[in-house]
Amino acid sequence: MAEEDQFEPVIVGFFCNWCTAAAADLAGTSRMQYPPNVRPIRVMCSGSVDPVYVLRALLGGADGVIIGGCPPGDCHYVSGNYRARRRMAILKTILATLGLEEERVWVRWISAAEGAKFSRTMNELTQAIKKLGPNPMKRDWSI
Amino acid sequence: MVKLNSVLVIGAGAGGIKASLDLAEAGFKVYLCDRSPAIGGALIRMDRWFPDNHCGLCQMLPAFSTDDSSRFCLRRGLIHPDIELMPLTEVKEVAGQAGDFRIGVTSRATGVTPELCIGCGLCAGVCPVETAREFNEGLAPRKAIYPPHPGVLPYVYTIDWDSCTKCGACVAKCPTQAIRLKEGEVIRQLRVGAVILATGFEEFDPVLATQYGYQRYPNVITGIELERILSPSGLTGGELLRLSDNRAPGSIAFLQCVGSRDSRKDYCSSTCCMFALKEATLLKQANPQVDIHIFFMDIRAFGKGYYRYYEQARDELGVKFTRSRVPVIREDPPTRNLVLTTIEENGALAKRQFELVVLSVGQTPAPGFQELCQVLGVEVNKWGFCRSELFSPVATTREGIYVCGSASAPKDIADTLVEAGAAADQASGWLARRRVPPTPPEEAMESDAEEAPRLGVLLCDCGQEITSVLDLEEIAEFSRQLPDVAWVARVPYLCYTDAWQRPAKELRKHKVNRLVIGACSRYFNTRLGEIGLNSSAVQKVNLREHIAWVHGDNPKVATEKAKSLLAMAIELARAPEPEPASPVNVHPRALVIGGGLAGLTAALSLARHGIEVHLVEKSAGLGGNLKQICYTLEGDDPQALRENIIARVKTDRLIQVALETELMEVGGYAGNFEVSLKGKESLLHSLEVGAIIVASGGEEYRPTEYLYGQNKNIITQKELEGKLFSAKLDPRNISSVVMIQCVGSREKERPYCSRICCSQALKNALRLKEGNPDIEVTVLYRDMTSYGFQEEYYTRAREKGMTFVRYEPESKPEVRPEGERLVVEVAEPVLGGRLILEPDLVILSPAIIPPENTPLAWTLGVGLNEDGFFQEAEVKFRPVDFLTEGIYVCGLAHSPRGMGESITQAQAAAQKAVSLLTREQLVSGIAVSETIQRQCSQCELCITVCSYTARMKDVESGEVVVRGALCRGCGACVVACPSGAAKLRGFKDRQVFSLIDAAF
């Protein structure tokens, strides 16, 4: 257990400008506490997240990746979030070939009004990644 | 007379914000005042809306704006260079006339200097006063000094003087001396050309309905209170809990028409049915086991897509509907459950128990509204709303002052926003319109983009707000080591007025050409001029809201996160600045399709703003359905309107009418369409237009049911109207008629309400009664949809002795001839028997149906909805737009609606078109997509994924090109492209990779 507490995962978050990035700001102004392990990257749309970006982060040693977009039907760009969902579903099927658990990649819909959901998700994600342990890619490279 | 360029909008709710955005985008200066401390009105207290359960608020933001202020969700504030927000402000006097008003306004001091307040909240921490919080409907407490809304920008506190005791604790605590405990008012004189009244509504106070025990029983709440309970930013964080015991209720009752449709408020609030349906839908989706009952009189689901929403709640989600008024509620003291006594439809009394009761309270005029109208010099109607006429729905009784939204009648957001667009259109007629020049390119540094990047890093302490968690010295030291960083500095408060002076000098000294700011969520771009950098040379890291305020318990890892985020921002800043794309010209000319009421109105509005209009009409004459409307419920003269409007169109030198002409082909894009038209006798000819308005209309359904067409005494409402008007039919010769509602509407094949047939039936029934008070009129209906002030006529009809008998769609009335007579038989729900009538005439109220729209939709490249009407971009927030920019829709082509509503929508569509056509050029934003031609394999996947038709194949060159002005920079094409040829300027893969790599 002690080791698990020591491990501070690095998680890369791709957050869409219209919903999830705004939710992060709302969580901030409402001072809802969550662990500092997620490194947010603001993208215009979750649909602009190329699976290659996710792989880049994982191959580079990120312990987890989260894509945050607008709730279904609510995409500012009409249907980008659906495309993100489909792409990530496919991406997950190939993670195992790399020796990566598919639970390292999360897709969540968090609207601009859901500051509380944002902080809750960051909590759950960090806990889940801590439980999974460090990215095995990172361990292998270092040998 | 000198025309002014500015306009005053009173009320910063849904309507006010929309009207302001529309006007500001059209190049006018807007003063937007509200008497409350924050913008948003009723809008901002809701998270999701019917009929799609989405937010969609961001869709209201301007489409062509290249300023990145337009990239902020409206929940976070309204930032527009041409909109001046005036909170806590009231209008005190109005002088002058349309085109040149002089308006005295007073603004109350907020007690907190916004330039000094850093939003740290120390003041609220020491404030001893607790009071009910408006944002959460008073359900949760707040302090006397508080932020009006949790997400709003800039995050500044305000003092509620009514509860403030002026103890001074906050003044002593404030680290920036931002608080002045001095009440006061600033009086200002505004000169504006026009005024828009958008003050909205106040909810009916349910305390007045004493029989329901609101405030005596904790588990009797209002709809908007439920909304705040269910909201993730609300009281319980989105969990459904009872206020009395924090337990999830297992059964919920909604009571409709509280403060509407009774003897005191003889109007329908138009929105509460849908609002309750939405609450019930969201509740059921989140908690399927909850038992939900809606007690109602009529379900009035008359908007586009609303009836489907009702059916879904009833049939798929299992919401139960009981047609009953509830005379009284009693509490069961031990459980605090509520016992409802209901009068069932058959007259029997029943008692039912629920754990939570939600009152669907109606809309009433805002308090002080009468006084405001007096100041403005506009008349109110007998219900206390602003008076407006059917054929000029957004005009008040004073020239130059317009009204939109619930200020003139109870309305939902969709209708309010259409009216806001119409009000903006009408108001701008009084303003000096100039061609909107393209946004001037920002003052760039002397250096060009090729110059090697020299980065500056500016870190804000925010007093101790950031430094109490983050080791800024360590972070500064870390930043200095990063590539290309030439200068790092810290400032105590970056938001202060004089905070940028010293950094500006330092930046010049160190020849810094890119800047990374580590501060808070404040919008700093308006101040970048002070340091001579443009916004694309600046990256921001939100050290406060993204780190210090949310990771207070883990300073060590938080500091690591701050370093990563700075390293990432520095990576972004090092990338070369993209060159702006070249602007495109706009043809200041419009095509209007359809010569009915909507098309004619739109054409006149366009011409009034100096736009050349080409109006094409398929048939041989103008007027459309208006030709057959002879009188209205309210007593207006539609034929006078028709003659007047056609005469004006025909004499307007800017409008060219082409009859028997159809649109054959459309090429190009917003501002640059090329359309081909074909007349009956003429050859195909083409025309360059900047915008297209679709007003192709709708038609009456020709019934196949109830023996229509087989018996001369079975006619439609329209036929009856014509006969009565032309005196071919004398009411004195008739002794009884039966009207059948919902013929072809709200059926399996047409699951929508046609909106106007109930008022049409009331209109004709009252006309019959006028001609012969002894006529027996029986109306067979499903839900009488006499919304808004039409309710008065429903009441009047019943007073005059008309009989209203409800039928179920499963047991429709039966019409059969018996010898010379007609017999109508229907199940009677109150007495339970069968009613047999022998009327002289059977009048059918047929649906409004779309014509075969597919070819036109195909030609235009726009969509249709399931029912065959044109599909707008977003049902509430972009009601007259298509996803394809530059094409707009109004009238029956959009959905069934009344004449006034068609006029409003036509004006709103015209406003959108004018706003586009008065631009000199369309300039694209920085972050638009482009194609690297040598990598492109022309698979055209990028064209398919683009929602905005910004990508197209150039016929001549064969290349896939981007129409920059239409691109919104979402990046869909970039990911779709299999060969890496589609790129977003400023977001090349290499940049994103280095950004990701910098994260750890």
Side-chain angles (χ1 to χ4, degrees), chain A residues 8 10-12 17-19 21-41 43-45 47-54 56-57 60-63 70-80 83-84 87 110-117 119-120 122, chain B residues 47-48 52-59 71-73 75-76 119 121 147 150-152 155 231-233 237-238 520-521 542 544-547 549-554 557-558 560-561 564-565 568 883 927 945 947-948 968-972 974-976 984 987 989 992-993 995-997 999-1000:
Chain A
E8 289 294 350
V10 173
I11 301 164
V12 176
N17 176 62
W18 298 100
C19 281
D25 288 350
L26 181 60
T29 47
S30 318
R31 305 188 192 218
M32 295 160 171
Q33 301 294 309
Y34 57 88
N37 304 70
V38 180
R39 310 279 187 261
I41 295 176
V43 292
M44 289 318 288
C45 178
S48 72
V49 179
D50 196 316
V52 174
Y53 301 166
V54 179
R56 178 85 178 195
D63 300 296
C70 301
D74 223 353
C75 177
H76 180 77
Y77 302 108
V78 187
S79 55
R83 279 196 287 270
R87 287 191 192 115
I110 305 171
S111 86
E114 297 179 319
K117 184 174 178 188
S119 71
R120 196 171 64 234
M122 296 308 120
Chain B
D47 292 325
R48 294 190 268 175
D52 51 13
N53 304 333
H54 300 152
C55 170
L57 205 52
C58 58
Q59 302 296 342
R71 301 233 183 224
F72 273 117
C73 162
R75 291 188 188 280
R76 315 216 39 223
V152 83
Y155 193 58
S231 168
S233 59
C520 61
S521 59
N542 191 342
R544 195 176 71 172
E545 279 85 342
H546 287 179
I547 307 180
W549 277 2
V550 287
H551 308 319
D553 51 354
N554 199 345
V557 184
E560 288 308 310
K561 173 173 172 181
S564 290
L565 295 196
M568 291 156 78
L883 275 176
V945 297
S947 302
Y948 307 103
R968 309 276 180 88
C970 72
V974 181
V975 196
L984 209 54
F987 288 94
D989 277 350
V992 182
F993 287 161
L995 170 69
I996 296 169
D997 295 346
F1000 36 81

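Every chain is numbered from 1 and lettered A, B, ... according to where its sequence line falls, protein lines coming before strand lines.
Ranked by heavy-atom pairs under 4.5 Å with chain A, the first of Asn53(B), Asp52(B), Ile547(B), Val945(B) is Val945(B). No other option in Arg120(A), Arg87(A), Lys117(A) has as many heavy-atom pairs under 4.5 Å with chain B as Arg87(A). Among Arg83(A), Met32(A), Glu114(A), the residue with the largest count of heavy-atom pairs under 4.5 Å with chain B is Arg83(A). Most heavy-atom pairs under 4.5 Å with chain B: of the set Cys75(A), Gly73(A), Ala116(A), this distinction falls to Gly73(A). Between chain B and the options Pro35(A), Ser119(A), Cys19(A), the largest number of non-hydrogen pairs under 4.5 Å is found for Pro35(A). Note on Val12(A), Val52(A), Ile41(A): by heavy-atom pairs under 4.5 Å with chain B, the leading option is Ile41(A). Of the listed residues (Pro71(A), Ala22(A), Cys70(A), Ala24(A)), the greatest number of heavy-atom pairs within a distance under 4.5 Å of chain B belongs to Ala24(A).
Interatomic distance, OH of Tyr155(B) versus CG of Asp25(A), reported as 12.0 Å (0.5 Å rounding). The structure places SG of Cys55(B) at 11.5 Å from NE2 of His76(A), a figure rounded to the nearest 0.5 Å. The distance from the OG atom of Ser521(B) to the CG atom of Leu26(A) is 10.0 Å, given to the nearest 0.5 Å. Rounded to the nearest 0.5 angstrom, Cys45(A) SG and Arg968(B) CZ are separated by 12.5 Å. Atom CH2 of Trp18(A) and atom CZ of Arg75(B) lie 13.5 Å apart (nearest 0.5 Å).
Counting only heavy atoms from C-beta outward, the side chains of Arg56(A) and Asp997(B) approach each other to under 4.5 Å. Under the 4.5 Å side-chain criterion, counting only non-hydrogen atoms from C-beta, Val974(B) is not in contact with Asp50(A). No side-chain heavy atom of Asp63(A) sits under 4.5 Å from any side-chain heavy atom of Phe1000(B). Looking at heavy atoms from C-beta onward, Asp74(A) lies out of side-chain contact with Cys58(B) at the 4.5 angstrom threshold.
Residue Thr29(A) touches chain B through both its backbone and its side chain, counting heavy-atom pairs closer than 4.5 Å. Looking at Val43(A), there are no atoms closer than 4.5 Å to chain B (heavy atoms on both sides), in backbone or side chain. For Arg76(B), the part lying under 4.5 angstrom from a heavy atom of chain A is the side chain only. Looking at Leu883(B), only its side chain comes within 4.5 Å of chain A, counting heavy atoms on both sides.
Nearest heavy-atom pair, Val10(A) versus Ala999(B), reported as atom, atom and distance to 0.1 Å: CG1-O, 4.0 Å. Minimum heavy-atom separation, Pro51(A) to Val975(B): CD-CG1, 4.0 Å. Contact record, Cys73(B) with Ala112(A): SG-CB, 4.0 Å, taken as the closest heavy-atom pair. Considering every non-hydrogen atom in both Leu565(B) and Pro40(A), the closest pair reads CD2-CD, 3.6 Å. Taking both residues in full, the closest heavy atoms of Tyr77(A) and Ser947(B) are given as O-OG, 3.3 Å, listed atom of the first, atom of the second, then distance. Nearest heavy atom pair, residue Val550(B) against residue Gly28(A), reads CG1-CA, 3.7 Å.
A side-chain hydrogen bond (donor to acceptor under 3.5 Å, both in side chains) check over residues 30-41 of chain A, counting only residues at least two apart or in different chains, returns the pairs Glu8(A)-Asn37(A), Arg39(A)-Ser564(B).
The backbone N or O of Val992(B) lies less than 3.5 Å from no partner atom in the side chain of Tyr53(A), so there is not a single donor-acceptor pair.
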